[in-house]
Amino acid sequence: MLIYNILQSAVLEGIKMKCLECHKSFKQISVTHLRIRHNMSCTEYKMKYNILKLLDLSKEKNPNWKNGISSKKYKCTECNNLTTGRGKSNLCPSCCRKKERNHFYNKKHDDKGKMKMKQGASRRDKNSYKGGHHDSEKCSQIAKLRWQNWTIEERIKHTKSFIEAGLKNKRSKNTKIEKIIAEFLTENNILFKQNEPVLNKNVDFLLNNKIIIECHGDYWHCNPSIYSDEYYNKALHMTAKEKREKDSQRNSLFEKNGYVIYTFWEFDIRHNLNDVKEKLKMLLAT
C-alpha cells in the first residue's frame, strides 16, 4: 500500500524514494515499514514532514495521465471522422454499412416473398393489436381458434414444419438426457426415430412405430419428487399439478390410439442411469 497514490508515477519512472525517518531508499514507502520500523501511521508521517509539498502533483508528471482520452482514436479514411476502433477497412462503423459494403444494398424481395407477406397480412386480425402494441392474450386466442378450424391433415403438416424448424434452431437441440438415451439405443442396435410427430404431438423417441419413450426434465415437467402440487412454474405459467394433469392427458391420448409410452425423469437418468438402462432392456425385451 502506498502512502500517497501519486507515488505510483515515481515507481513507474524508476525513481527511488528516501524515508525521511531512517534515510533508506525504497521504490515505495509502505505502511508496514512505517508501522514496524518507526511506529508511525501514514497520516502522522505526512503531517510530520509535510509530504504534500515534497511531491510534484502536476498531471504532466504522471505517465498514466491520458488527458481525458480513454483510448486511441483514428481517422476514417473516407469521412475523416474520429473512431475508436480500426478494422481491416480503416473505416468507421457508419461508412462500413454504406452502399455496396452493405450486404442488403440494392436487394429486393422476389415475387414469392411478396406474396407470402401479403398472405400473412391478410390473415392477421387487427383486433389482436391494441394501441399499436402486441397483445399476447388476443393472439393466443386467435391461434387456438385457427387450430380448431384446421383439418387433421393441416394440423399434421403444421406440426411437422414446426418440429423441423425447431431442430434447425441452435437453442432447441437435443437435451443432454435425450443424448444419453439415444446413445444407449444406438449401442444396443435398436432402431428409433427421434423428435417424431405422433398424433400432432412431438415425442422424444419412437420405436417400432408403437413404443414411445419420453425424457422429462425435472423443472419443465415438475418432477413430483422435487416439486409439490402447489408449486407455480413461472416459465410454464401454471402449477405443478396442472402440468402433470396436462402430461397425463397427453399420455392417455397415445394409449387410446394403441401406443405404449414409457417416461423417464431427468433425475433418474443423471443419477440412476444403470437402473434406467436395466428398465429399458426389460421393456424392450418384452
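Quick caveat, the model's predicted, so the values are computed rather than measured. Below, all heavy atoms of this structure are taken into account, side chains as well, without hydrogens, waters or symmetry copies.
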Set out, in order, the CA-CA distance, both residues' side-chain angles and the distance that settles side chain to side chain contact (heavy atoms under 4.5 Å, CB included) for Glu242 and Lys246, then state yes or no. CA-CA 6 Å; Glu242 291 173 343; Lys246 190 175 180 180; over 6 Å; no
Any residue meeting side chain to side chain contact (heavy atoms under 4.5 Å, CB included) with Lys277, in chain and number order, not counting sequence neighbours: Phe184, Leu273
Do [X] and [Y] make a side-chain contact, defined as non-hydrogen atoms from C-beta onward lying under 4.5 Å apart?
X      : Y      : answer
His38  : His33  : yes
His221 : Asp247 : yes
Lys281 : Asn188 : yes

Sidechain-backbone polar pair: [X] side chain, [Y] backbone, donor-acceptor under 3.5 Å:
X      : Y      : answer
Asn233 : Thr239 : no
Glu154 : Thr151 : yes
Glu44  : Ser41  : yes
Asn102 : Phe104 : yes

Would you indicate whether [X], at its atom [atom1], is surrounded by more than 12 heavy atoms from other residues, nucleotides or ligands within a distance under 6.0 Å?
X      : atom1 : value
Asp111 : CG    : no
Leu145 : CG    : yes
Leu82  : CG    : yes
His103 : NE2   : no

Nearest-0.5 Å distance that lies between atom [atom1] in [X] and atom [atom2] in [Y]:
X      : Y      : atom1 : atom2 : value
Cys76  : Asn81  : SG    : CG    : 7.0 Å
Arg35  : Met40  : CZ    : CE    : 13.5 Å
Leu207 : Gln194 : CG    : CD    : 10.5 Å
Leu253 : Tyr259 : CG    : OH    : 9.5 Å
Cys22  : Arg37  : SG    : CZ    : 8.0 Å
Ile181 : Ile213 : CD1   : CD1   : 7.0 Å

[X]-[Y] co-clustered via ILVMFWY side chain contacts under 4.5 Å:
X      : Y      : value
Ile269 : Phe267 : no
Ile211 : Phe205 : yes
Val260 : Phe192 : yes
Leu206 : Phe254 : yes
Ile261 : Phe264 : no

Before you tell me yes or no, could you show the steps for Lys279 and Tyr262 under side chain to side chain contact (heavy atoms under 4.5 Å, CB included), namely the whole-Å CA-CA distance, both residues' side-chain angles and the distance that decides it to 0.1 Å? CA-CA 10 Å; Lys279 286 181 182 178; Tyr262 301 108; over 6 Å; no
Show me, pair by pair, the donor-acceptor contacts under 3.5 angstrom made by side chains of residues 93-101, not counting sequence neighbours?
| residue | atom | partner | partner atom | Å |
| --- | --- | --- | --- | --- |
| Arg101 | NE | Cys95 | O | 2.8 |
| Arg101 | NH2 | Glu78 | OE1 | 2.9 |
| Arg101 | NH2 | Glu78 | OE2 | 3.3 |
| Arg101 | NH2 | Cys95 | O | 3.0 |

Not counting sequence neighbours, list each pair that qualifies as a side chain to side chain donor-acceptor pair (under 3.5 Å) and has a residue in residues 205-218. Glu214-Arg250, Asp218-Asn223
Which heavy atom in Cys215 sits nearest to a heavy atom in Ile177, and how many Å separate them? CB-CD1, 3.8 Å
Ignoring hydrogens, what is the shortest heavy-atom contact between Gly217 and Trp265? Give both atom names and the distance. O-CZ3, 3.8 Å
Can a salt bridge be assigned to the pair Arg270 and Glu266 using a cut-off of 4.0 Å between side-chain N and carboxylate O? yes
Test: Lys114 and Asp110 ion pair at under 4.0 Å: no
Which residue pairs satisfy the salt bridge (charged side-chain N to carboxylate O under 4.0 Å, His left out) criterion with at least one member in residues 219-239, sequence neighbours excluded? Asp229-Arg244
Suppose the criterion is ring pair (Phe, Tyr, Trp, His ring centres under 6.0 Å): which pairs have a residue in residues 231-251, not counting sequence neighbours? Tyr227-Tyr231
Remaining members of the apolar cluster that contains Trp150, side-chain heavy atoms under 4.5 Å: Trp147
Go through the steps for Trp220 and Lys243 under the test side chain to side chain contact (heavy atoms under 4.5 Å, CB included), then give the verdict. CA-CA 9 Å; Trp220 294 105; Lys243 177 58 181 173; over 6 Å; no
